[in-house]
Amino acid sequence: MFFLYKYLEAFHLKPHSKKPLSSLSLSLSLIFVSSASMATKLDTSSLLFALLSKCSLLTQTNLAFSLLVASLACLALSVFYWSHPGGPAWGKYFLHRRHRTTVIPGPRGLPFVGSMSLMSNALAHRCIAATAEKFGAKRLMAFSLGDTRVIVTCNPDVAKEILYSPVFADRPIKESAYSLMFNRAIGFAPYGVYWRTLRRIASNHLFSPKQIKRSETQRRVIANQIVKCLAKQSNTEGLCARDLIKTASLNNMMCSVFGKEYELEHEHDEVSELRGLVEEGYDLLGTLNWTDHLPWLSEFDPQRIRSRCCSLVPKVNRFVNRIISDHRDQIHDSPSDFVDVLLSLDGPDKLSDPDIVAVLWEMIFRGTDTVAVLIEWILARMVLHPDIQSMVHNELDQIVGRSRAVEESDVASLTYLTAVVKEVLRLHPPGPLLSWARLAITDTTIDGRRVPAGTTAMVNMWAIAHDPHVWEDPLEFKPERFVTKEGGFEFSVLGSDMRLAPFGSGRRVCPGKNLGLTTVTYWIATLLHEFEWLAPSSDEKTVDLSEKLRLSCEMANPLAAKLRCRRSLSV
Ligand code: HEM
């Protein structure tokens, strides 16, 4: 009110003004008095109208002039925000911060929207790495996604500081994740008792070494089915294994989670339906939603993410609830799959039905694509480097021999193959930006710079894994770097060494890392033991390694290969 008063007063002094200042002041005072008694009833806009209607200065010229002044003021403010290193969101913080602090370098991007183009790019990890290099900000870079302040590091020490810090144990709010119920599952549940309970239940009943061992038979059965399907198509030039591997991975998760077994050879309506739901969810969650960062856009849903989520969720609910009620109808002495486990919970651990749906849906969702994407990258590298593939074959011949199929127990002795998997994780981490970012719960200090609460933090694992200061010849495919020398330590990729932590680290580290790695290594051992993977034709010696970052970073164009069976008893 005070500002409005001042504003009108200032106008009154303009040459067009006809009404004396005293009369306007009187009008305003009257309005002030009457508005005091009705303060609770009047909203700001009606008050504004009341004020303006009292004012005879509302000429066209004055209105145009006031609009111009307001627009210029807005523009000046946004240019001021935008001029701050890191862009507009950091500029706003600069005005409100209470502490003197070193500024974090970073790109300004565009006024209002900041560096949206960095993240909406299909190669965001590469763009961020290049921008950090340009700004000399590899340790810590700031940028803005609309109103969201973001920090990103391309340095292993700073990555450790972020991922291990309890301050960054939360996830930023994403409308699509909330709409798709992931806030009630592990991935997006706010850090707290509920999240801890879910992680404990999943660690005990899905990801424990005992549980992983129990699901060995199911992985062997599915591996045999993959081999059988591939053997049938082995004469095809340019065979594309992507869909088969994705369906195999989905079948594997459906077996662990829902206790459902399907033949890979035949199309099943239930599997196709779930594949469709997962694909749609994957697309929605992997898209940068502008309304997450520009609240003034949220009414409009310009990318149709909200409406697509709204139509997906009832389908997921119907699908998963059907499976839950089938389980309720069957009485088991002991839980045989993860649905049984969740239904058997009692006391404080007991989950409501909507929460059970969210947890089950997340497991299927997270466990399917990550595994399939990694397997395709490994096969691509094998086609591209036949010399390395033949070393893997030699190892398989020595340890397993051609007379039998690989067993999961052989994998521990396949040291070169394990090194190949690690080298592919280094060059093609499925989550180059660690999939889901972290959120600062309180103000904190990272690498000596102040980071305010509410800042989103990301680790560019792809940049760390490609950094020549961290890895020798980082662009070379050299599995030998992971072959443990006599008496040396084995390099762990499970989150203890930030030079390569493709499963993240700290409190929010991937809980499915052992299950994922066991599945990938065993299936890859089988696929390489049974087949030689060759370029589709002799004149096409190269493999297209272009990437496309959705939620995971997959090959932009599916791998096409030619297969040669290595064992006569390949099925
Ligand atoms: C090759 C396989 C996989 C890769 C590369 C991978 C990678 C990741 C990464 C980078 C994160 C974020 C970690 C962080 O913020 O520090 C994550 C989180 C997660 N992953 Fe995985 N993952 C894989 C397999 C799986 C599997 C098989 C499952 C379950 C069946 C799974 C379930 C989850 C869940 C639930 C989270 C969220 C954890 C939390 O927020 O507390 N992942 N994964």
Side-chain angles (χ1 to χ4, degrees), residues 125 153 159-160 162-165 168-172 174 177 182-192 194-203 205-208 211-212 215 219 245 249-250 252-258 278 285 337-338 358-378 421-422 424-426 428-439 456-462 464-465 493-496 498 500-524 549 551-554:
H125 51 296
T153 181
K160 188 169 186 173
I162 292 174
L163 297 178
Y164 277 48
S165 162
F168 287 102
D170 229 331
R171 302 262 185 224
K174 243 170 120 67
F182 288 113
N183 59 317
R184 298 305 295 168
I186 300 176
F188 277 90
Y191 180 60
Y194 180 71
W195 169 79
R196 256 193 299 274
T197 307
L198 293 186
R199 274 201 76 120
R200 178 170 41 77
I201 295 167
S203 305
H205 301 286
L206 196 58
F207 303 128
S208 67
Q211 209 52 44
I212 295 177
S215 52
R219 280 188 295 278
I245 295 167
S249 185
L250 180 61
N252 187 33
M253 285 318 295
M254 281 179 93
C255 192
S256 300
V257 176
F258 296 154
V278 169
L285 212 59
D337 53 53
F338 199 51
V359 173
L360 296 172
W361 159 234
E362 174 182 64
M363 288 307 162
I364 298 285
F365 188 84
R366 283 298 304 180
T368 301
D369 263 66
T370 41
V371 166
V373 163
L374 183 55
I375 290 179
E376 193 179 30
W377 278 118
I378 300 173
V421 175
K422 288 181 182 173
V424 175
L425 276 168
R426 185 184 70 79
H428 310 285
L433 297 170
L434 295 189
S435 312
W436 296 336
R438 306 285 190 93
L439 180 79
T456 293
M458 295 195 306
V459 170
N460 192 339
M461 191 44 70
W462 180 89
I464 295 174
V493 291
L494 298 180
S496 51
M498 287 305 125
L500 182 58
F503 299 94
S505 193
R507 285 170 168 76
R508 287 277 187 170
V509 67
C510 173
K513 56 188 195 279
N514 285 318
L515 179 62
L517 213 46
T518 305
T519 311
V520 169
T521 319
Y522 171 57
W523 283 2
I524 268 295
L549 179 61
L551 196 54
S552 300
C553 187
E554 58 185 22

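Being a predicted model, the structure only gives us computed values, none of them experimental. Whatever order the structure lists them in is the order used to number ligands and atoms, beginning at 1.
Within ligand 1, the atoms closer than 4.0 Å to a non-hydrogen atom of R199 are 38 (C), 39 (C), 41 (O), numbered from 1 in the order shown. Interface of G187 with ligand 1, defined as ligand atoms under 4.0 Å from a residue heavy atom, comprises 37 (C), 40 (O). Shown in contact with S505 at under 4.0 Å from a heavy atom are these atoms of ligand 1, numbered in order with element: 16 (O). Which parts of ligand 1 touch M253 is read off a 4.0 Å heavy-atom cut-off, strictly below it: atoms 30 (C). Shown in contact with R438 at under 4.0 Å from a heavy atom are these atoms of ligand 1, numbered in order with element: 14 (C), 15 (O), 16 (O).
What sits closest to atom 14 (C) of ligand 1 on the protein, heavy atoms only, is R508 O, 3.2 Å. The shortest contact between atom 19 (C) of ligand 1 and any protein heavy atom is with P511 CD, 3.7 Å. The shortest contact between atom 8 (C) of ligand 1 and any protein heavy atom is with R366 NH2, 3.4 Å. Ranking protein heavy atoms by distance to atom 40 (O) of ligand 1, first place goes to R171 NH2, 2.7 Å. Nearest to atom 22 (N) of ligand 1 among the protein's heavy atoms is C510 SG, 3.1 Å.
At least one heavy atom of F207 sits under 4.0 Å from some atom of ligand 1. Within the structure, ligand 1 lacks M461 among the residues with a heavy atom less than 4.0 angstrom away.
Closest to atom 27 (C) of ligand 1 by heavy atom, among P430, G506, G367, is G367. Comparing W195, F503, Y191 against atom 6 (C) of ligand 1, the shortest heavy-atom distance belongs to F503. Of the candidates G512, P502, G431, the one placing a heavy atom closest to atom 10 (C) of ligand 1 is P502.
Judged purely by atom type and a 3.5 angstrom limit, S215 uses its side chain to pair as donor or acceptor with the backbone of I212. Between the E362 side chain and the I186 main chain, a donor and an acceptor come within less than 3.5 Å of each other.
Figure legend: R171 and Y191 shown without cation-pi pairing, the cationic atom not lying both under 6.0 angstrom from the six-membered ring centre and within 45 degrees of its axis.
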